[in-house]
Amino acid sequence: RKAPSHGPWEDEHLVAQAREGEQWAMEELVGRYQQKVYTMCYHMCAEDDREAEDMTQEAFVKAFRHLGQFRGDASFYTWFYRIVVNVCLDGRRRRRRWQRLFSPWQRQGGKGDREESEVEYPEGTDSFQVLKNKQLSEDIRRSMRSLPDKQRLVFQLKIIDGMSIREIAQVMGAAEGTVKSHLFRATRFMR
């Protein structure tokens, strides 16, 4: 069945419709959150496109499978992000176990061993500035990967996803003071 023509719908209405099996409501929720969830998964999955796609899909599947457990105490967005965080953390733990198991047989090196393909820049582009910006971006990504999981998560949710301290606390199931502490440490490290 197609979505009714009047909208836009609030998340809670879409959740109620999705619980009733309305495909259009599920598609609308996916459309609203897919890019944000993918971005979050990408940053939490060591910037691996394929793994981020898998984690994004897994998060949506889990959310729709457990939609009956959404009580409305928090917003759908907050409830769903908690699922996303758990999926990403579980995925990272699985990846670490596999890496420890298979590391003796893997070749040394990694992403950094690949040759960079040449990039063409438009006429008049300051190639030094482009290189400087690229280096800064890589430095930021490397620094974020060095953060402990909880600090990285808080930093990402606050700085990249723009969530409030209260929303982050709900997502993490932690006290707001704990979130502030993680954010302070992460920000100090990143500076």
Residues forming a side chain to side chain donor-acceptor pair (under 3.5 Å) with Arg71, sequence neighbours excluded: Asp73
Ser181-Arg185 side chain donor-acceptor pair, cut-off 3.5 Å: yes
Met55-Leu89 co-clustered via ILVMFWY side chain contacts under 4.5 Å: yes
Minimum heavy-atom separation for [X] to [Y], with atom names?
X: Ala25; Y: Leu14; answer: CB-O, 3.4 Å
X: Ala59; Y: Val84; answer: CB-CG2, 3.8 Å
X: Ala63; Y: Trp79; answer: O-CH2, 3.6 Å
X: Lys36; Y: Tyr81; answer: CB-OH, 3.0 Å
X: Glu176; Y: Ala169; answer: CG-CB, 3.8 Å
X: Met163; Y: Val171; answer: CE-CG2, 3.5 Å

Are side-chain heavy atoms of [X] and [Y] found at a separation under 4.5 Å?
X: Leu157; Y: Glu167; value: no
X: Phe70; Y: Asp11; value: no
X: Met40; Y: Val85; value: yes
X: Phe60; Y: Ile83; value: no
X: Arg188; Y: Phe184; value: yes
X: Gln17; Y: Trp9; value: no

Would you give the length of the straight line joining atom [atom1] of [X] to atom [atom2] of [Y], rounded to the nearest 0.5 angstrom?
X: Glu28; Y: Glu22; atom1: CD; atom2: CD; value: 13.0 Å
X: Cys88; Y: Arg152; atom1: SG; atom2: CZ; value: 10.0 Å
X: Asp49; Y: Tyr38; atom1: CG; atom2: OH; value: 3.5 Å
X: Leu29; Y: Phe76; atom1: CG; atom2: CZ; value: 4.5 Å
X: Ile165; Y: Thr178; atom1: CD1; atom2: OG1; value: 11.0 Å
X: Phe64; Y: Phe80; atom1: CZ; atom2: CZ; value: 7.0 Å

Considering residues, nucleotides and ligands other than [X], do more than 12 of their heavy atoms fall under 6.0 Å from its [atom1]?
X: Glu58; atom1: CD; result: yes
X: Glu10; atom1: CD; result: no
X: Arg166; atom1: CZ; result: no

Stepwise side chain to side chain contact (heavy atoms under 4.5 Å, CB included) check, Leu147 with Met190: CA-CA 9 Å; Leu147 287 169; Met190 293 298 289; 4.1 Å; yes
Side chain to side chain contact (heavy atoms under 4.5 Å, CB included) between Gln170 and Arg82, worked out: CA-CA 8 Å; Gln170 290 175 338; Arg82 188 164 192 174; over 6 Å; no
